[in-house]
Peer 1: 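Below is a structure I'd like to ask you about.
Read the numbers this way: they start at 1 and go in the same order the structure lists the ligands and their atoms.
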Amino acid sequence: MAGLVQRTSTPFCVDDEPIQLVAPDGAPTAERRLRRHLPPETLTWLYESMVVTRELDTEFINLQRQGELALFASCRGQEAAQIGAAGCLRKTDWLFPQYRELGAFLIRGIAPAQLGAVWRGRWHGGLGFTEKCVAPIAIPIGTHGLHGVGAAMAAQRLGEDSVTVVFMGDGATSEGDAHEALNLASVFNAPCVFLVQNNQWAISVPVAKQQAGPTLAHRAVGYGMPGVRVDGNDVLACYAVMEDAAARARAGGGPTFIEAVTYRMGPHTTSDDPTRYRDDAEVEYWRTRDPIDRFRTYLQRAEVWSERVEERIAHRAQRMRAELRDSVINEPDIDVAEVFDTVYQRITPDLARQRDDLTAELAREA
Ligand SMILES: Cc1ncc(C[n+]2csc(CCOP(=O)(O)OP(=O)(O)O)c2C)c(N)n1
Ligand SMILES: [Mg+2]
């Protein structure tokens with residue numbers, strides 16, 4: 001009978017306390033193991049990326065409120081999780097986002113105008129992402145986990161040393177697809193990291209309703225992979241934890257489940273009114289843990305921050321906001337026929353027929 005038991009125990013246990021390198025008051029913590037000695041340029045770049053993300057986020061909301069975008073899902077409050085996690089990766093590592101990952105998109109060099117095209121609902125919204133090793137956003141919750149694991153397994157079989165990062169929300173972890181993705185990644189030792197941004201809410205459902213276990217990261221134990229909890233509002237901790245997990249995956253060590261504990265400061269999307277289901281006091285509590293304020297204080301203490309740097313960043317952010325606005329309002333749509341050309345390497349006869357039908361229909365309507 002002993003032969004029937006393939007694995008008797010898992011070497012992984014999960015620490016409830018999130019890893020933190022910078023305390024909410026901006027002071028360095030006593031955590032030593034993951035401390036990096038990042039050069040001032042990298043620290044400034046992380047800060048700048050978070051500030052620019054927030055400024056653009058605000059512009060996206062303004063544009064939606066003014067009727068220029070169909071919808072927008074703000075990442076306000078989650079900048080550290082996204083910038084930290086994406087900031088330590090190689091450009092050849094693949095990102096599989098959900099839909100709230102503005103910070104990660106910007107780090108990857110996806111232009112704000114490209115994201116404007118997505119949220120405006122233009123024909124070409126989402127084109128150009130894969131050129132940057134970023135999958136298109138996935139509105140159906142959890143589905144992209146499987147795509148991410150598949151991509152990781154492909155890289156493994158091709159002998160490439162790239163890593164795939166799947167961004168998921170706390171709510172997404174309750175989906176069947178997420179279970180399949182986590183299980184598959186683990187069984188096949190895929191070079192994949194799951195970054196679960198636990199922003200406490202899945203629309204109006206609190207995270208307490210997503211699982212009965214101690215934390216989301218504890219799920220990792222059942223899959224036989226390390227589960228790590230990190231303070232998702234601490235950019236340095238998110239950077240270090242992802243860097244470790246990516247290195248492990250790259251070296252053939254298999255997947256990691258990271259739970260970044262953070263907070264969605266705004267509504268679920270511009271269509272939502274969170275005052276109907278959550279307390280102002282909760283939002284206020286998280287405001288005191290703001291990732292950008294915290295990191296600015298840390299940089300001030302480290303004498304990396306200066307008024308001059310802040311001004312330069314503010315100017316750049318203003319310019320990018322203006323460019324985004326201009327592109328959303330004034331950029332013409334591409335020829336719709338081009339959409340069909342991008343589905344496969346070579347267009348299939350079926351798609352060619354659909355393209356011709358649509359082109360003819362649009363010509364009749366014109
Ligand atoms: C399969 C599926 N079911 C339901 C929805 C509706 N829906 C859209 S977003 C969302 C909540 C997702 O929450 P979470 O994964 O925590 O991500 P967050 O929005 O908080 O970033 C739901 C249920 C959907 N898009 N897809
Ligand atoms: Mg959520």
Peer 1: Hey, do the aromatic rings of Tyr47 and Tyr298 have their centres closer than 6.0 Å?
Peer 2: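 No; Tyr298 has its ring centre 6.0 Å or more from that of Tyr47.
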Peer 1: In this structure, is the centre-to-centre distance between the rings of Phe60 and Phe72 below 6.0 Å?
Peer 2: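 Yes: the rings meet the under 6.0 Å criterion.
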Peer 1: Which part of Pro140 is near ligand 1, with near meaning a heavy atom under 4.0 Å away: side chain, backbone, both or neither?
Peer 2: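 Near ligand 1, Pro140 shows its backbone, while the atoms from C-beta on stay back.
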Peer 1: I need the minimum non-hydrogen distance between Cys75 and Gly103, along with the two atoms involved.
Peer 2: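 Reported closest heavy-atom pair: SG-N, 4.2 Å.
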Peer 1: Does the protein put any heavy atom within less than 4.0 Å of atom 6 (C) of ligand 1?
Peer 2: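 Neighbour list for atom 6 (C) of ligand 1 is empty of protein heavy atoms (cut-off 4.0 Å).
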Peer 1: Within the supplied structure, the quantity of interest is the number of heavy atoms (other residues, nucleotides, ligands) at a distance under 6.0 Å from Arg321 CZ; does it exceed 12?
Peer 2: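 Atom CZ in Arg321 is packed in, count exceeds 12.
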Peer 1: Please check whether Arg264 reaches ligand 1 - meaning an N/O of the residue sits under 3.5 Å from an N/O of the ligand, judged on distance alone.
Peer 2: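 In fact, backbone or side chain, Arg264 has no N or O that close.
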Peer 1: Considering heavy atoms of the protein only, find what lies nearest to atom 16 (O) of ligand 1 and give residue, atom and distance to 0.1 Å.
Peer 2: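 That would be Gly171 N, 2.8 Å.
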Peer 1: Can you name the residues that form a side-chain contact (heavy atoms from CB on, under 4.5 Å) with Leu351, not counting sequence neighbours?
Peer 2: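 In terms of side-chain contact (heavy atoms from CB on, under 4.5 Å), with neighbours along the sequence ignored, Leu351 is linked to Phe340, Val343, Tyr344, Ile347, Thr348, Gln354.
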Peer 1: Looking only at protein heavy atoms, which one is nearest to atom 25 (N) of ligand 1, and what is the separation?
Peer 2: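 Going atom by atom, the protein heavy atom closest to atom 25 (N) of ligand 1 ends up being Ile139 O, 2.9 Å.
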Peer 1: Of the protein's non-hydrogen atoms, which lies at the shortest distance from atom 15 (O) of ligand 1, and what is that distance?
Peer 2: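 Ranking protein heavy atoms by distance from atom 15 (O) of ligand 1, first comes Ala172 N, 2.9 Å.
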Peer 1: CG of Asp16: more than 12 outside heavy atoms within 6.0 angstrom?
Peer 2: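 Buried by this count: over 12 neighbours within 6.0 Å.
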Peer 1: List the closest protein heavy-atom neighbour of atom 3 (N) of ligand 1: residue, atom name, distance to the nearest 0.1 Å.
Peer 2: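 Nearest protein contact, heavy atoms only, for atom 3 (N) of ligand 1 is Glu175 OE2, 3.9 Å.
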Peer 1: Looking at atom 21 (O) of ligand 1, what's its closest protein heavy atom, distance included?
Peer 2: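 Scanning the protein heavy atoms, the shortest distance from atom 21 (O) of ligand 1 goes to Arg100 NE, 2.8 Å.
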Peer 1: Could you pull out all residues at least two apart from Arg65 that satisfy salt bridge (Lys or Arg N to Asp or Glu O under 4.0 Å)?
Peer 2: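 Residues passing salt bridge (Lys or Arg N to Asp or Glu O under 4.0 Å) with Arg65: none at all.
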Peer 1: Would you kindly specify which portion of Gln98 sits under 4.0 Å from ligand 1, judged on non-hydrogen atoms: side chain, backbone, both or neither?
Peer 2: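 It is the side chain that touches ligand 1; the backbone stays farther off.
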Peer 1: At a cut-off of 2.8 Å, what protein N/O/S atoms sit near the Mg ion (ligand 2)?
Peer 2: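 Correct list: Asp170 OD1, Asn199 OD1, Trp201 O.
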Peer 1: Quick check: are there more than 12 heavy atoms from other residues, nucleotides or ligands sitting under 6.0 Å from CD of Gln345?
Peer 2: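 Open: at most 12 neighbouring heavy atoms sit under 6.0 Å from CD of Gln345.
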Peer 1: Measuring from atom 19 (O) of ligand 1, which candidate in Phe167, Tyr99, Trp201 has the nearest non-hydrogen atom?
Peer 2: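 Among Phe167, Tyr99, Trp201, the closest heavy atom to atom 19 (O) of ligand 1 comes from Tyr99.
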Peer 1: So, Asp25 and Arg301, do they make that salt bridge, N to O below 4.0 Å?
Peer 2: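 Salt bridge flag = no for Arg301 with Asp25.
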Peer 1: Please check whether Ile141 reaches ligand 1 - meaning an N/O of the residue sits under 3.5 Å from an N/O of the ligand, judged on distance alone.
Peer 2: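 Between Ile141 and ligand 1 (N or O atoms, distance only) the closest approach is under 3.5 Å.
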Peer 1: What is the closest protein heavy atom to atom 22 (C) of ligand 1, and at what distance does it sit?
Peer 2: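 Its nearest protein heavy-atom neighbour is Ile203 CD1, 3.7 Å.
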Peer 1: Less than 6.0 angstrom separating the ring centers of His179 and Tyr223, yes or no?
Peer 2: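 Aromatic pair counts; centres sit under 6.0 Å.
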Peer 1: Does atom CD of Glu303 have more than 12 heavy-atom neighbours, drawn from other residues, nucleotides or ligands, at distances under 6.0 Å?
Peer 2: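 No, CD of Glu303 has 12 or fewer neighbouring heavy atoms, counting only those of other groups under 6.0 Å.
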Peer 1: Is Arg250 paired with Asp93 through a side-chain N to carboxylate O contact shorter than 4.0 Å?
Peer 2: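 Yes, Asp93 and Arg250 are salt-bridged.
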Peer 1: Show the atoms of ligand 1 that are less than 4.0 angstrom away from any heavy atom in Asn199.
Peer 2: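 The atoms of ligand 1 under 4.0 Å from a heavy atom of Asn199 are 18 (P), 20 (O), 21 (O).
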Peer 1: Please check whether Ala202 reaches ligand 1 - meaning an N/O of the residue sits under 3.5 Å from an N/O of the ligand, judged on distance alone.
Peer 2: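 In fact, backbone or side chain, Ala202 has no N or O that close.
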Peer 1: Enumerate the atoms of ligand 1 whose separation from the nearest heavy atom of His268 is less than 4.0 angstrom.
Peer 2: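 Result: 9 (S), 19 (O).
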Peer 1: Run through the side-chain heavy atoms of Ile, Leu, Val, Met, Phe, Trp and Tyr, join any pair under 4.5 Å, and report what else lands in Tyr263's cluster.
Peer 2: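 Its cluster partners, ordered by chain and number, are Trp201, Val261, Met265, Tyr277, Val283, Tyr285, Trp286.
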